[in-house]
Amino acid sequence: MQLKCLAASAAVIAAMTGAAHAADANSPAFGDSFNVTDTSVDLSQLTRENFYDVLVPLAKKDGEMTFYSYWPPAPLVVFQNQIIPAFEKKYGIKVNFNSVETNVGLPQLDAAYKEGKPSPMDGYFSSDLPADLNEMANIRLTDILPNAADLDPALAYEYRGIEHNGAYVPFHGNQTVIAFNSSVVKDDEVPQTFEDLLAYSTANPGKVAITSPLRGGSGSGFLTAVSHKLMSDDCVARWMDLSADEAAADQLVNNSECFAPVWAYFNDLLETAQITNGNTDTLNLMANGVANIGTAWEDLTFSYVMGNQLPDTVRVTILGGGQPGGAEGAFIPSNTENLAAALLFMDEILAPEHQAWKLAGFASRSPKTELDASLIPEEARKLLVPADIYAEGRISNANPVMSRVVRDAFAANVLDK
Amino acid sequence: MRRTALDLPLLLLPGVGFLILTFGLPLYWAISGSLGLGANGTGFTLMHLADIFLETKFRKGLMMSLYYSIAPTILTLFVAIPLAMLLQKSFPGRKLFNGLYKIPLAIPSIVAAFMVLTLIEQGGFMDRAMMHIGLSMPKIVRDQFGIGVILSTLWKDIPFMTLIIAGAFGAIPKDMVPAARSLGASRVRAFLMVELPLAMPGVTAATLLCFVKSIGNFAAPSLLGPAYPLPLSIQMYDAYLEGDWIAIYSMGTVLIIVSFLVLGAYYALTARTLQHMKREG
Amino acid sequence: MPALKNELDVLGISKHYSGVEALSPTSLSVTNGEFVTILGPSGCGKSTLLRMITGITLPSGGQVLLQGRDITRLPPEKRDIAIVFQSYALFPHMSVRNNILFGLKMKKLGKQEQLRRFEHVVAICGLGDLTGRYPKQLSGGQQQRVALARALVMQPALLLLDEPLSNLDAKLRESLRDDLLALHRSTGSSTLYVTHDQSEAMSMSDRIIVMDKGRVVESGRPRDLYLKPQKRFTALFFGHTNLVPVEAEGTRATLPWGGFLPLDQAARGKGEISLRPECLSVFADASGEAEVRQVTFMGPDIFYDLQIGDHSLKSRQGSNGAPLEIGSRVSVRIEGTATLLEQTDVETASTGPSPDSPSLEGDR
């Protein structure tokens, strides 16, 4: 009895000391206290160092877990054929895998959460965060997972303008690019800047395909890129303010001159360029030979080339000023019953061998900064954005409210004309 | 076995109950949601509905939805009626044709849209074939008139309407037209004054079904239509992706209201024509 | 004086559908004011013939002349022929009034003339208070009268009635039959009537054309066809008859059970005659040649099934007096003369039209 009390108070002291290291791995990512219902893991004590020692025995006791993935452009074999077999072999824990679209899975999670039931999945690689952040376990995964040590900080703490502080760990990096058919577009014609692109389109009407920002991410990404480049620094700062609300967005977008050069650029461009109905629509136009240059996603283009839906002379690049890229990630629901196994799995998905495998196989960028380039074969490398351009080329997105206002304004100022 | 007052309602319950549950309730939620009532509502307001007419993208979307349903329906009428009449006669190969023309009925509209995309768009199958003779396909996909959308919708609507209208014409007693002709009416006058009025209920039904079916078209406009303006069906889906249920309810309710108005106008128009024909005799 | 033209001349009209002959080359005429009936079982080709006369179908060969004008290739709306259909074919979406006025409007007659004709035909067809109603509000008999009115109001060169009474019940049929006849007499319109009912044909026609299997069998006046048929088919078609094989010697025929019967025309050799039951009368006779096998009481008449030697006969006589009993012996008396039936039922081109059909010169 006395020993237990001592141990208890020792733990409390340790916890308090732990808490004293503010913004620390052991503090909740958001909110005042940890929101997980599975208490088998003492989150306040978990560190990168003791991660495996603490979790492996606990996870083996769970014995089984469920992982959901949404449908990214990269095929799900990344999980099915690579990560899960490796995980099961390493730890002997069974993983039930389901591919569930984000706008189906998140409502399921929400329903279970509201009813106080355990979540349907223990981990979810999704393209969006739950509306109620408390449905995510507020664990600083980025600071705890051993394999997350080298994550690019630009991707690790915020997603689409929402600061989750690491509860949503990036897994699959993506990059919007300009794709072009190198057999038709000569080296000296390849656009390096937005002005180059406009010039090419004017000289070759109908040969440039721009995805509609209302219908595809490669289009909204392109809109973001143009805005970033053409607006003044002041305007850009206001635009990228992650705390902007509807009123501020409206003020900036509709009642100031900030976006005027953006609309002007697009109105010029769309006199000769075609606007398409989605990411794949643009690529199909390129495949048909109708367009030579198009706005695209790096990984989608990669998988199209691999699947012979685009000629293998297609290359991608990023225009000067940068084009947005980000990373989708995975989170652990707060009402999971298999927290230890989930944490272990989250670590596994960031293992370098898996990240390299999916980069080589599907142009699925890794959020890890220390990925060994030698792990990627040459023939895959030529279909990716060249490393030097990539390093400089990535910019981030505005928050969802702002983005929506910008899109609506695009419709009104460009498409409606 | 004596009937009690409860018997009839009880017998109706499974059928009517099912309808109420699966159709009536969601309809009620949608309409009340659009008026600001309901679970997430902020109180009775007409602003949500008004927004559909006030905001440019919604208003233009509504116009597109109407365009994509009215235009193909009218064009189909022009093809379906002569085709239905043709099918009344016998000609070599009629049996084969009778089967063939119905094929589009079995093909889902999204497949039809893909067919248009693959075959007829610029850079598609036919375009590449025509390149050899120096011609090229006009732009019918992603064009401002939505020609590809209209074509794909027509392809599916024509057999549908023809089937119904052929049935309507077929139900006309065989002696009607010979009777009219023996009384001095030319083939055309016999058609206009006797056949068409008698087939009108069938023609009306076919037209209305076709219109209502098309107003919610998603696949064809999504694949083949211009990137802007987007019909309300696509905008409703986009709103769903963003979780904007109020917008969904409002767009849906407006579509319902507008559909009813169009149907009402059609009824008024045909009733007057029929009256006119009755008087003329 | 110019020769009077027939109202209708059908010359060698034929029709085949992909090799199958629906109608062999057929000729007939209707003279001015005549009531001619085309009579035959279903499938005999009368509908095909009708469709070619009205112009709904084009003939494969032959000609149709109306009042001497060749209308063979004219469309129905240009022929001056009005039709009353078996199904009435009233326009359901028009009132009785507008049904009747339809043809007049097509003809573009003046309003005065339309009204005049309309009122006249309403009067003679007895449609007084029905003009405002719609076809579905009328009974079968009323609909038929409207159909008739609609045709008559056109004052056509030829009135064509296609089994107009078939859809009505027996009582209505009889009364309408009388009405039709009365109308024909008062309007004097040339009429071509088509039916499968022989009693209708007999009671109404000036002349009957009997058809079977796509060809004309025989034609003539009702009485002649009934009492003196030339063809077996005609004999059998017009009600009960006894077909008796005989041996002809000059103007006398020997009956198979002995006894003789005078012949209308001299002949020699074996043949067949048609004896109508009412031409036979039987009397009780212990030494009679026949035996009664069956007695059928029909109200005004009695039918006796008789056995003479190897042959069966049917006789018919009035039912007043005591009926004979089955098994009683009777003697049979035959009245009148007989005509030898032709060996074949087909009237071929080489044998020519039967003696009773009017010649094409219209010399009535």
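The basis for the numbers below is simple: all heavy atoms, side chains too, and nothing from hydrogens, waters or symmetry mates. In the text below, chain A, chain B and the rest are named by the order of the sequence lines, each starting its count at 1.
- Within 6.0 Å of the CD atom in A:Gln309, the count of heavy atoms belonging to other residues, nucleotides or ligands exceeds 12.
- Taking all atoms of both residues into account, the shortest heavy-atom contact from B:Tyr237 to A:Asn103 is OH-ND2, 4.2 Å.
- A salt bridge does not link A:Asp416 with B:Lys57: every distance from a Lys NZ or Arg NE/NH1/NH2 to an Asp or Glu carboxylate oxygen is 4.0 Å or more.
- In this structure, B:Phe114 places its CZ atom where only 12 or fewer heavy-atom neighbours from other residues, nucleotides or ligands lie under 6.0 Å away.
- Using a 4.5 Å cut-off between heavy atoms, A:Asn284 makes no contact with chain B at all.
- Dense packing is recorded around CZ of A:Phe30, with more than 12 heavy atoms of other residues, nucleotides or ligands lying under 6.0 Å away.
- Residues B:Leu223 and A:Asp281 approach most closely at O-OD2, 4.4 Å, considering heavy atoms.
- Taking A:Thr102, A:Thr280, A:Thr276, A:Asp128 one by one and counting their heavy-atom pairs under 4.5 Å with chain B, the maximum is reached by A:Thr276.
- If you measure heavy-atom distances from B:Ile234 to chain A, the contacts under 4.5 Å come from the side chain alone.
- When the candidates A:Asp408, A:Val290, A:Leu415 are compared by the number of heavy-atom contacts under 4.5 Å with chain B, A:Leu415 comes out ahead.
- The CD atom of A:Gln274 lies 10.5 Å from the CG atom of B:Asp143; values are rounded to the nearest 0.5 Å.
- For B:Pro226, the part lying near chain A is the backbone, with the side chain staying farther off; criterion is any non-hydrogen pair under 4.5 Å.
- In terms of heavy-atom pairs under 4.5 angstrom with chain B, the leader among A:Leu285, A:Thr211, A:Leu214 is A:Leu285.
- Within the 4.5 Å cutoff, the side chain of A:Ile275 has no heavy atoms near those of the B:Arg142 side chain.
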